[in-house]
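To start, the structure itself, in structure tokens.
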Amino acid sequence: MIQNSMEAVAYELQEQSNGSHLALIYMQNPPVNALSKAVRLGLIKAVKQALADDSVKAIVILSKQSLFSGGADISEFASGDYEPPLPTVLDLIENATKPVIAVLNGPAFGGGLEVALSCHYRVTFAANKVGLPEVNLGILPGAGGTQRLPRLAGVQQALDMIVSGRPVAASKLPGVFDLVVADPAQLLSEALTFCQKVLSQGGLIRKTCDLTIDSSTAPAELFNQYRQGIAKQARGFFAPERCIQAVEAAVTLPFVQGLQREGELFLECMQSKQARAQQHFFFAERAASHVKDYDKTTPVRDIKKVGIIGAGTMGGGIAMNFVNAGIPVTLLELKQEALDKGLALIRRNYESSAKKGKLTAAQVEERMALLQGTTDYADLADVDLVIEAVFEKMEVKHEVFKALDKVCKPGVILASNTSTLDLNEIASATKRPQDVIGMHFFSPANVMKLLEVVKGEHSSPEVIKTVMQLAKKINKVAVLVGVCFGFVGNRMIESYGREANRMMLEGVKPEQLDQVIYDFGLPMGPFTMGDMAGQDIGYFVRQSRQEFIKHDPSYCILADKLVEQGRVGLKAGKGVYLYAEGSRAPIPDPKVLELAEQEALRLGISQRNISEQEMLERIMFPLINEGALILEEGIAAKSSDIDVIYVYGYGFPVYRGGPMQYADEIGLLTVYEAMCKYRDELGEYGQHWFEPAPLLKKLAQQGKRFADL
Ligand code: NAD
């Protein structure tokens, strides 16, 4: 990052045929032209210099990077040093007495777009993208974006851009750009011709702030309808509503008061827990790819072709990821029938995307053509990576890895999608454990963004690096984890199901608990989730883990009894809830409560009223506690990695930043003390399951956070 305003902004004069000058002000703050202090200072200095120079007739703001500007320098947020504030810079630009023209040679986001909006003219190329993504950081554009964009782009377009944070192609923003050239290579020369035209026509100064919005085009109903339209995806989020209010202010208030209102709303957002959480998550996601297991010098293997073993639920979805990225896949099944079924399901998925207009018929065929089915291991002789997604049994995994060891060429990466089995034991079936790694996809594998990359005892740095980088190519967010039962995500979720079941025995109704968790911000509560995934999945896992749970006779006993009665969830029309034919809406079943009462009586558990706070704490705190153990054991390298896993793999609300950030926000002492309280109050059960992790205890007592580690 450049610290010096002279370096961050370059000033050049370009002589015109009549001897006058254009001042070219280049932002040059690699890599993304973030509007750091040095850039803001540099812009002020350069604009003042241009204004003071009588030979300069117009000012052009452009960039020496591939982006016009990526926006605010988020790393400055923590310091609280905003001087000089961006609005001051933009005020200077907008009120300049010479025409100012922004030439966008690349994307402009957030503050970058706000710079352009404060100029008097804007020029770019058609495919260029601009956007105001602040909402994704829990804030809103705070340098006039919410006031200027509606004046230029129209209220509806501005609402869409500001509330969704999504970038839009310049070609779709005729109100924003005065000239949109087709060919980016021609941009600079056409932009300079445009400047000359502006000057030849009298050098009109057009301030965005002077434009008015016809309020009849943006009645109150428009905003209310907009609110209703986004209610589902914005559930629980603080910033989107403030974004709407800011745009409303652009319609109802004069510019200066509108700016003030924007400032107040910006501050409200900036000081919210959600902004802290979302900004934490922004960095967490980026930090997930920084791992210590390899460095710049570690070679990366070329993955040109992939083999996948097993065309079931996971294998099919995994195959689609590679095919979507243009990487050919050979899909292997034991029997032709299973193979045909798997391939037909993939085709159906693509055809359904085509029906929704997401793919053309030709693209469906192109993707299917990249998929080759086989029942013969010899067809894997030319692949560079194999991902195994067969039944979750060690014998079957061994059989597959032995077969792979025989047919695959040297240097092939052998990956397993196992959710629970010991990767090191799987690797031991081969003569090349250094090439074995876990690639734990989440279901549906073609949709879920998360990939847990599991490093085995012998996985080589080269193999780890290749897989971490490959994840990006197939549009996944990879988090590197170590080997243990359930790895990070599923290991932590174990307590979630356990506590939910136990609280039902203690008198909680499933719909009450599900509501508490839904209101916390997860897409659904544990009972709905269990029914959707199939209660039998957990049942089989428990059967194989009796030695770890048999000391607790209450352990998921209700779920076990329900499965034994054939109540395996949605697919059976009954689980913890009942489901009407063809409906996914859970219907509470009094029979389940009766069963809970009987079991509680049998186990000597007294039923009582449990508060919503207790429900939330008993669901969330053991999960966080397990996260602390995972950190202590080095299964996850940093607490932010756990947050990434929970947001992308389990729908943990991003506005809470993930479970570890949530714990940091409420304070580790709160979590620790509550763990101690439940340990002491819940008798033998509490002693088994609520012992605080030593790391949690230590950090709580030192007044520290997981993020401090
Ligand atoms: P599945 O039963 O849907 O599919 C397994 C497929 O493997 C079947 O089509 C089967 O015919 C095939 N198969 C079995 N043995 C084989 C062999 N020796 N050679 C070739 N093909 C063989 O199971 P799934 O849900 O896709 O799970 C597969 C793996 O993925 C398991 O290890 C599981 O733990 C893991 N996983 C599952 C999920 C999930 O939500 N379903 C999530 C993450 C990981």
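Numbering of ligands and ligand atoms starts at 1, following listing order. Model, not experiment: these values are computed from the prediction. Note that the numbering runs from 1 along the sequence shown for the chain.
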Find all atoms of ligand 1 within a distance of less than 4.0 Å from any non-hydrogen atom belonging to T418, and give their numbers and elements. 32 (O)
Flag: protein heavy atom within less than 4.0 Å of atom 23 (O) of ligand 1: no
If you have a sec, work out which protein heavy atom is nearest atom 34 (O) of ligand 1 and how many Å separate them, to one decimal? S419 OG, 2.7 Å
What protein heavy atom sits nearest atom 35 (C) of ligand 1, and how far off is it? N417 O, 3.3 Å
Within 45° of the ring axis of Y496 and under 6.0 Å from its six-membered ring centre, is that where the NZ or CZ of R498 lies? no
Using side-chain heavy atoms (C-beta onward) and a distance below 4.5 Å, is V412 in contact with L414? yes
Any atoms of ligand 1 less than 4.0 Å from a non-hydrogen atom of H440? List them with their elements. 43 (C), 44 (C)
Kindly confirm or rule out an N or O of M314 lying under 3.5 angstrom from an N or O of ligand 1. yes
Where's the contact between I309 and ligand 1, heavy-atom distance under 4.0 Å: side chain, backbone, both or neither? side chain
For atom 12 (C) of ligand 1, what's the nearest protein heavy-atom neighbour? Residue, atom name and distance, please. E333 OE2, 3.2 Å
Examine ligand 1 and decide if any of its atoms is less than 4.0 Å from a heavy atom belonging to K335. no
What about Y662 and F520, are their ring centers closer than 6.0 Å? yes
Please find out if less than 6.0 Å separates the ring center of Y648 from that of F281. yes
Heavy-atom contacts with K397 under 4.0 Å: which atoms of ligand 1 show up? List them by number with element. 31 (C), 32 (O)
V400 and ligand 1 - part of the residue with a heavy-atom distance under 4.0 Å: side chain
Stacked cation flag R545 on Y555, 6.0 angstrom / 45 deg: no
Does the ring center of H280 lie less than 6.0 Å from the ring center of F282? no
Answer yes or no for R491 and F485: cation-pi contact, defined as NZ/CZ to six-membered ring centre under 6.0 Å and angle to ring axis within 45°. no
For a quick check under 3.5 Å, do D295 and T298 share a side-chain donor-acceptor pair by atom type? yes
For the residue pair N490 / Y650, report whether a side-chain donor-acceptor contact shorter than 3.5 Å exists. yes
What part of F441, side chain, backbone, both or neither, has a heavy atom within less than 4.0 angstrom of ligand 1? backbone
Residue, atom and distance of the protein heavy atom nearest atom 40 (O) of ligand 1 read S443 CB, 3.3 Å
the protein heavy atom lying closest to atom 17 (C) of ligand 1 turns out to be L334 CG, 3.5 Å
Can you find an N or O of E392 that's nearer than 3.5 Å to an N or O of ligand 1? yes
Of all protein heavy atoms, the one nearest atom 4 (O) of ligand 1 is G312 CA, 3.3 Å
Distance to 0.1 Å, residue and atom name: give those for the protein heavy atom nearest to atom 2 (O) of ligand 1. F391 CE2, 3.4 Å
Per the ring pair (Phe, Tyr, Trp, His ring centres under 6.0 Å) rule, which among Y685, F621, F690, W689 passes with Y678? F690
Of all the heavy atoms in K341, does at least one lie under 4.0 Å from an atom in ligand 1? no
Does the Lys NZ or Arg CZ of R542 fall within the cation-pi geometry relative to Y539 - under 6.0 Å from the ring centre and within 45° of the axis? no
Quick check for you: to the nearest 0.5 Å, what is the distance between H458 atom NE2 and N424 atom CG? 6.5 Å
Ligand 1 versus V396: contacting region, heavy-atom distance under 4.0 Å: side chain
Tell me, which protein residue and heavy-atom name are nearest atom 31 (C) of ligand 1, and how many Å apart are they? V390 O, 3.2 Å
